[in-house]
2 protein chains.
Amino acid sequence: MDRGSWNGDSMTADARPAAPALTERQEARRRRILHASAQLASRGGFEAVQMREVAEAAGVALGTLYRYFPSKIHLLVATMQDQLQHLHTTLRKRPPAGEDAAQRVAETLMRAFRALQREPHLADAMVRALTFADRSVSPEVDTVSRLTTAIILDAMGLEHPTPEQLSAVRVIEHTWHSALITWLSGRASIAQVKIDIETVCRLIDLTAEPDRG
Amino acid sequence: MDRGSWNGDSMTADARPAAPALTERQEARRRRILHASAQLASRGGFEAVQMREVAEAAGVALGTLYRYFPSKIHLLVATMQDQLQHLHTTLRKRPPAGEDAAQRVAETLMRAFRALQREPHLADAMVRALTFADRSVSPEVDTVSRLTTAIILDAMGLEHPTPEQLSAVRVIEHTWHSALITWLSGRASIAQVKIDIETVCRLIDLTAEPDRG
DNA sequence: GCCAAGTCTGAAACTTGTTCTAGATTAGCG
DNA sequence: CGCTAATCTAGAACAAGTTTCAGACTTGGC
C-alpha cells in the first residue's frame, strides 16, 4: 500500500498532511505532553498513562491535551513515533554489521528489543496502543509502520526492494509486533522472541536477489 | 472461575486446574452470555459489546456477568475460544487438500479468514481483545493460542513437530494475528493479507523433515 | 422441610476516557 | 493600541468498564 507520498527524505516523519505550523509555545506544549506521556508510561505502562495526569504533568488543560491528541491511543502512537525516530537515528549512526541481510535485520530487531527491555512499561504502553488502535488512528499507525519498514530496509541495505521482498518485510513486521505482545503479556520469554525473530528473518534468504546468487 | 465447559472431543487444551463443575442453570447462563456477546459483537464490533447490554441481553445481573467473566477482555477472549472450537471441528471434517504442508496451512488460514470476513465486526471484537489482553488474561489467551497451534499442526499433518517446526508455527501465528489487525483497521486489503499468509507459509518449506528431502 | 453457604439480582457508586461550556489569554492585523 | 478569531483554562458533565452491597433466591446436607 503506497498511500503516502509526503516528503520522507528527512527522518522527521512529518506525518500531518497540512501540519498547521505550530507556534513556538505550541511546539513546546506538544513536547511537554509527549514527554509526560513517555514518563508516565515508563512508570506503569498503558494504564498508568491517564489523560488527566498527562495534562497535569505537562501543565496544560485537559481540553488542550485532547486538542493536540484526540485520544489516548493517538497520544501513545505519537509517543511511539517519537521513540522510533530516535531509534532510527541511532541505528543510522551504528548500522548492524552482519554478513547477510537476514543477520543484519535480526541484529537490528534484537537491538530494538533490548532497548525495549530497558523500558518494559513504556514498551507495553506503546505496543498495546499500536495494536489496539482502530481506524481513526490509521494514518498515525501507518506512519509508525512506514518508519519500521524503513528501519528494516535500511538493515537489509536495499534501495529498491522487489514486491517479494516487501512481502517478507511485512511478515517480519507482523512477527515483530506480535512477538512483542506475547513477551509483554508474559506468554513468551526473551529467548523465545529471539528465536521467532531469527526464524522469520530466514524468509529474507528466500527472496535474495537472484542475480546475486 | 468457571470456564471449564469446553471439554472438546479432541485434544482441547484442557489446561484449567479446577473447573468447578457448573450446574445446569449456570451452564445455561454461561451460554447465554457468550451468545449475547457474539451477537452484540457481530453488530458493532468491540465497542458495541457493552457489559450492561451483554448482561441485559443474557438476562443476568451485571454482577453475575462479572462473576462469570472478570472483564470485557476475558469475555471476548472466551468468545473467541468458542468460535475457534467450532472452526476446529469444521476443519476436521473437511481437511485442506493441498499438495504440501505449506499449501495446506495457507489454505486453512484463508478458510478461517473468509469465515472472519463474513462477520467482520465479530472478528474485530475478538482479535482486538486478544491482542489487547494483559497478563491477567494470559491463561485464556494461551488457550486460544494452543487451539490455533493445533489447527495449524493439523493442517501440516504433523504428530511430532520438531522445535524448528514449532518456531515456524509460532511465526505463522504471529503473522496471522497481526495481519488480521492491519486488515481490521483498514490498513491492508484482503489481497494483502492473503499474500502475507502465503509468504509466511513458505517458512514451512525451510523446516521440512530432512529425511523427506 | 430446614438451615448454612454460596449465588444471583438490582441499584448505586466509583474510575477513567471523552466531551462540553463559559470565560480568560494569545496571536495576528489594521 | 484595539479588535477579532483562535486558543487555552478550569471545571462540570457524560459514557462505559468495574466494584460494591443489601437483600432475595438456590443448592446441598441434614
Side-chain angles (χ1 to χ4, degrees), chain A residues 16 18-33 36-37 40-41 43-79 124-125 128-129 132-137, chain B residues 1-5 18-33 36-37 40-41 43-79 124-125 128-129 132-137:
Chain A
R16 223 63 60 232
L22 303 184
T23 72
E24 204 150 321
R25 302 186 54 182
Q26 288 176 320
E27 191 54 49
R29 263 187 215 109
R30 185 168 196 280
R31 296 258 114 245
R32 287 206 307 277
I33 292 171
S37 166
L40 287 169
R43 296 231 191 302
F46 186 87
E47 10 194 287
V49 181
Q50 303 196 352
M51 299 303 267
R52 282 170 245 257
E53 289 202 32
V54 173
E56 189 182 2
V60 302
L62 191 54
T64 304
L65 172 52
Y66 272 96
R67 173 185 282 274
Y68 281 71
F69 300 97
S71 77
K72 174 171 171 172
I73 302 289
H74 281 84
L75 172 57
L76 285 173
V77 171
T79 304
D124 173 77
R128 299 255 300 283
F132 188 63
D134 67 2
R135 300 178 106 90
S136 71
V137 204
Chain B
M1 92 172 309
D2 52 359
R3 86 205 75 180
S5 46
L22 303 185
T23 71
E24 206 150 320
R25 302 185 56 184
Q26 288 176 320
E27 191 55 50
R29 262 187 216 110
R30 186 171 195 280
R31 296 257 114 244
R32 287 205 308 278
I33 292 172
S37 166
L40 287 169
R43 296 232 190 302
F46 186 87
E47 11 194 285
V49 181
Q50 302 195 353
M51 299 303 267
R52 282 172 245 255
E53 290 202 32
V54 172
E56 190 183 359
V60 301
L62 192 54
T64 305
L65 171 52
Y66 274 97
R67 174 185 283 276
Y68 280 73
F69 301 96
S71 78
K72 173 170 173 173
I73 302 290
H74 282 84
L75 171 57
L76 284 173
V77 171
T79 303
D124 173 76
R128 299 254 300 284
F132 188 62
D134 67 2
R135 301 180 104 89
S136 71
V137 203

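So you know, we letter chains A, B, ... as the sequences are listed, proteins then strands, and number each from 1. The figures that follow rest on heavy atoms only: side chains count, while hydrogens, waters and symmetry mates do not.
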Using whole Å, what does the distance between atom [atom2] of nucleotide [N] and atom [atom1] of [X] come to?
X: A:Y66; N: D:dG11; atom1: OH; atom2: P; answer: 18 Å
X: B:E56; N: C:dC8; atom1: CD; atom2: P; answer: 19 Å
X: A:L65; N: C:dC20; atom1: CG; atom2: C1'; answer: 16 Å
X: A:E27; N: D:dC8; atom1: CD; atom2: P; answer: 12 Å
X: B:F69; N: D:dT19; atom1: CZ; atom2: P; answer: 16 Å
X: A:Q50; N: C:dG17; atom1: CD; atom2: P; answer: 5 Å
X: A:F132; N: C:dG17; atom1: CZ; atom2: C1'; answer: 12 Å
X: B:H74; N: D:dT19; atom1: NE2; atom2: C1'; answer: 16 Å

With a cut-off of less than 4.0 Å, is there a side-chain N or O of [X] near OP1 or OP2 of [N]?
X: A:R52; N: C:dG17; result: no
X: A:Q26; N: D:dC8; result: yes
X: B:Y68; N: C:dC8; result: yes

Rounded to the nearest 0.5 Å, how far apart are CG of B:L40 and CE of B:M51?
11.0 Å
Would you indicate what B:V54 reaches in the nucleic acid, counting non-hydrogen atoms under 4.0 angstrom: base, sugar-phosphate, or nothing?
nothing
Closest nucleotide of DNA chain D for B:R25 versus for B:M51: which of these residues is on the 5' side?
B:M51
Distance flag, aromatic centroids of A:F132 and B:F46, threshold under 6.0 Å:
yes
Is A:E53 reaching over with its side chain to a backbone N or O of A:Q50, donor-acceptor style, under 3.5 angstrom?
no
Tell me whether B:H74 contacts the main-chain N or O of B:Y68 through its side chain, where contact means a donor paired with an acceptor under 3.5 Å.
no
From the set C:dT18, D:dT9, C:dC8, return the single nucleotide nearest to any side-chain atom of A:S71.
C:dT18
From the set D:dT18, C:dT9, D:dC8, return the single nucleotide nearest to any side-chain atom of B:K72.
D:dT18
Assign each of B:L62 and B:R29 to its nearest nucleotide of DNA chain C by heavy atoms, then name whichever residue's nucleotide is nearer the 5' end.
B:R29
Would you mind reporting whether A:D134 and B:R128 have side-chain heavy atoms less than 4.5 Å apart?
yes
